[in-house]
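Each residue takes its place number in the sequence, starting with 1. All ligand and atom numbering here is 1-based and tracks the order in the structure. What you see below is based on every heavy atom in this structure, not just the backbone, and it leaves out hydrogens, waters and symmetry mates.
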Amino acid sequence: MSKKLFIKTWGCQMNVYDSARMADVLAPLGYRPVDEPEGADMVILNTCHIREKAADKVFSELGRLRILKDEKAVANTGGDGKMILAVAGCVAQAEGEEIVARAPYVDMVFGPQTYHTLPEMVAKASRAAGSVLNTDFPAESKFDFLPEEATSQGVAAFLAVQEGCDKFCTFCVVPYTRGAEFSRPADQILAEARRLVAGGTREISLLGQNVNAWHGDGPNGSSWGLGRLIRALAEIDGLARIRYTTSHPRDMDDELIRAHAEVPQLMPYLHLPVQSGSDRILAAMNRKHSGDDYRRLVDRLRAVNPDLALSSDFIVGFPGESDADFAATLKLVTDVGYAQAYSFKYSPRPGTPAALESKQVPEDVKEARLQALQQLIGAQQVAFNHSFVGRTMPVLFDRKGRRPGQLLGRSPWMQSVHADANERLLNQIVEVRIEDARPNSLAGRIVTGEFASTAGRAVDHAEARA
Ligand code: SAH
Ligand code: SF4
Ligand code: F3S
């Protein structure tokens with residue numbers, strides 16, 4: 001009898017990818033994903049530690065799940081009557097011991113680098129009372145142990161190519177929760193990409209905490225960077241779209257920049273976090289680049305591909321941030337012009353240097369700065385979306401819309417686009433003329449029999465070959 005597996009995922013796309021891989025590892029043990037925790041034989045919380053609020057959610061969620069676990073033990077319907085309750089991800093890595101102490105009813109606590117050992121952990125947790133804790137950074141790579149039979153990821157898929165971070169920005173937990181930078185070998189990545197495409201994937205987003213720090217061995221002892229890897233991926237027939245995220249400005253090398261000019265499948269949208277526009281704050285953050293370094297980089301990228309749109313992450317209220325520092329951030333946003341951006345109030349994280357700074361910014365100042373920044377970014381996003389009204393663009397329809405007869409898809413620039421369309425266009429790339437723009441989406445009409453798009457060359461090329 002199959003067992004029910006419920007996974008709840010917080011945090012970044014890497015966690016979404018990891019959750020899918022956990023389901024893959026558990027499939028041979030008979031676990032099948034379900035949509036709700038009630039009655040599940042295993043519940044995994046795949047957690048995020050990036051900001052305080054994200055981490056807090058875990059304990060409140062555990063309180064609720066404990067009740068379901070007790071109910072299942074009493075009802076004893078199906079399975080062996082036990083709900084295995086697990087905490088995975090970055091909170092597990094950072095606070096594993098505390099979870100075991102505060103919530104002893106949790107059966108397994110394991111970090112992001114150990115989920116290939118799930119079968120052993122499950123065997124232990126089924127036998128023993130008490131929690132199995134595994135927050136090692138094993139010498140072997142989990143990627144070498146993942147089953148090749150993967151759950152289908154659909155037409156737009158994630159592919160992890162790099163993990164971990166050696167940058168140690170002074171606000172950030174990721175170097176501690178994910179460990180040192182690691183690049184998967186190129187042949188492994190290409191094999192996974194080919195499997196995905198054979199299974200119907202048309203768009204692949206390459207993932208990494210510092211994805212453009214990826215490096216690997218090419219043929220004949222050559223050394224590859226991400227730009228070269230993207231070129232190799234672009235040779236896979238049927239792969240129409242390639243993206244990568246998240247990049248660090250310091251790791252944008254010439255070859256990767258050139259790929260934005262020369263690889264038609266590489267989408268004209270880049271998430272390139274800058275965090276702040278103040279050189280003083282950037283230095284205190286240990287970003288190791290200035291605001292002008294970033295501006296120059298953006299200029300170089302736009303010089304090779306004028307269609308390129310940018311997004312970023314920003315932190316407001318970093319310790320010591322003055323009004324002038326914050327004004328420099330607004331200035332940078334105005335200078336660069338973003339298609340969209342994420343902004344966060346600085347959240348002191350245990351174990352990071354910035355949390356120990358005495359000059360913490362008061363909450364009301366953080367809040368006011370966040371509002372001001374989000375207003376500016378919001379206005380840029382609206383202007384960006386409006387600039388497409390009347391233009392035609394290729395849209396990858398990957399799901400049904402809310403209304404019957406409507407499909408929802410993604411533009412080359414990551415916008416959601418909806419249009420009235422026949423269902424047979426689902427999972428296809430179709431030319432759409434944009435008729436209306438909202439802050440968070442575009443509405444358009446299917447254009448048949450023509451490829452008149454300004455940015456359509458990427459897809460036309462791939463379509464022609466596919
Ligand atoms: N590796 C990526 C993303 C890291 S986490 C990068 O280098 O950009 C995603 C975003 O969360 C960061 O870009 C940053 O803006 C935000 N973030 C990280 N730590 C934070 C903290 N302590 N408080 C507030 N925001 C934080
Ligand atoms: Fe965190 Fe900085 Fe590494 Fe990004 S580069 S994961 S923000 S330490
Ligand atoms: Fe969160 Fe870990 Fe990702 S802290 S943002 S889940 S790397």
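With a 6.0 Å radius and a threshold of 12 heavy atoms from other residues, nucleotides or ligands, E38 has its CD atom above the threshold. Remark: E98 CD is packed, more than 12 non-hydrogen atoms of other residues, nucleotides or ligands lying under 6.0 Å away. Annotation: K366, atom NZ; neighbour count of heavy atoms from other residues, nucleotides and ligands within 6.0 Å is above 12. Residue K345 qualifies as enclosed at atom NZ: its count of foreign heavy atoms under 6.0 Å is above 12.
Atoms of ligand 1 found under 4.0 Å from any heavy atom of P273, numbered from 1 in the order shown, are 8 (O). Within the listing of ligand 1, atoms 1 (N), 2 (C) sit less than 4.0 angstrom from a heavy atom of Q209. In the vicinity of Y346, heavy-atom distances shorter than 4.0 Å reach the ligand 1 atoms 23 (N), 24 (C). Here is the list of ligand 3 atoms found below 4.0 Å of a heavy atom in Q209: 7 (S). Ligand 2 places these atoms under 4.0 Å from at least one heavy atom of H248: 5 (S). Shown in contact with T246 at under 4.0 Å from a heavy atom are these atoms of ligand 1, numbered in order with element: 2 (C), 6 (C), 8 (O). Counting atoms of ligand 2 from 1 in the listed order, those under 4.0 Å from a heavy atom of F168 are 8 (S). Less than 4.0 angstrom separates some heavy atom of N15 from each of these atoms of ligand 3: 6 (S). Numbered from 1 in the order shown, with element, the atoms of ligand 1 that lie under 4.0 Å from a heavy atom of K345 read 23 (N), 24 (C). For ligand 3, the atoms sitting less than 4.0 Å from at least one non-hydrogen atom of C90 are 2 (Fe), 4 (S), 6 (S), 7 (S), numbered in the order shown with element in parentheses. Per-residue contacts place S347 under 4.0 angstrom from the following atoms of ligand 1 (heavy atoms of the residue considered): 21 (C), 22 (N), 23 (N), 24 (C). Every atom of ligand 3 with a heavy atom of C48 under 4.0 Å away is listed here by number and element: 1 (Fe), 4 (S), 5 (S), 6 (S). Close approach of ligand 1 to R51 is summarised as follows: ligand atoms under 4.0 Å from at least one heavy atom of the residue are 11 (O), 16 (C), 17 (N), 23 (N), 24 (C), 25 (N), 26 (C).
By the 4.0 Å heavy-atom criterion, I315 is counted among the residues contacting ligand 1. Within the 4.0 Å heavy-atom shell around ligand 2 one finds R287.
The protein atom (non-hydrogen) at minimum distance from atom 4 (S) of ligand 3 is H49 N, 3.2 Å. In this structure, atom 3 (Fe) of ligand 3 lies nearest to the protein heavy atom C12 SG, 2.3 Å. Residue, atom and distance of the protein heavy atom nearest to atom 7 (O) of ligand 1 are R287 NH1, 3.9 Å. Among all protein heavy atoms, the one lying closest to atom 14 (C) of ligand 1 is Q275 OE1, 3.3 Å.
Residues R296 and D299 are not paired through a salt bridge, judged by the lack of any N-O separation under 4.0 Å between the basic side chain and the carboxylate. A salt bridge does not link R302 with D307: none of the charged nitrogens is closer than 4.0 Å to a carboxylate oxygen. Between R258 and D254 there is no salt bridge, since none of the side-chain N atoms of the basic residue sits less than 4.0 Å from a carboxylate O of the acidic one. Ion pairing between D18 and R178 holds under the 4.0 Å rule for side-chain N and carboxylate O. Classification of D251 and K167 as a salt-bridged pair holds, one side-chain N sitting under 4.0 Å from a carboxylate O. Salt-bridge formation is detected for the pair D323/R369: a Lys NZ or Arg NE/NH1/NH2 atom is positioned less than 4.0 Å from an Asp or Glu carboxylate oxygen.
At a heavy-atom distance under 4.0 Å, only side-chain atoms of R178, from C-beta outward, approach ligand 3. By the criterion of a heavy-atom distance under 4.0 Å, both the backbone and the side chain of I50 are placed next to ligand 1. Heavy atoms of F171 found under 4.0 angstrom from ligand 1 belong to the backbone as well as the side chain. Contacts of P175 with ligand 2, taken as heavy-atom pairs under 4.0 Å, involve the side chain alone. Counting heavy atoms closer than 4.0 Å to ligand 2, residue F171 contributes side-chain atoms (C-beta onward) but none from N, CA, C or O.
Tested against F314, the residues F344, Y338, Y346, Y342 include a single ring-ring contact (aromatic ring centres under 6.0 Å, His included) partner, Y338. With Y105 as the fixed residue, the side-chain contact (heavy atoms from CB on, under 4.5 Å) test singles out one of L65, D70, L85: L85.
Distance check for atom 4 (C) of ligand 1: every protein heavy atom is found at 4.0 Å or beyond.
Polar contact with ligand 1: present for D313 (N/O pair, distance under 3.5 Å).
For the residue pair L29 and P119, the shortest heavy atom distance occurs at CD1-CA, 3.9 Å. Nearest heavy-atom pair, F137 versus Y176, reported as atom, atom and distance to 0.1 Å: CZ-O, 3.5 Å.
A cation-pi arrangement is absent between R184 and F182 under the rule of less than 6.0 angstrom and at most 45 degrees off the ring axis.
Looking at C172, C169, C165, it is C165 that brings a heavy atom closest to atom 3 (Fe) of ligand 2.
No side-chain heavy atom of R300 sits under 4.5 Å from any side-chain heavy atom of V304.
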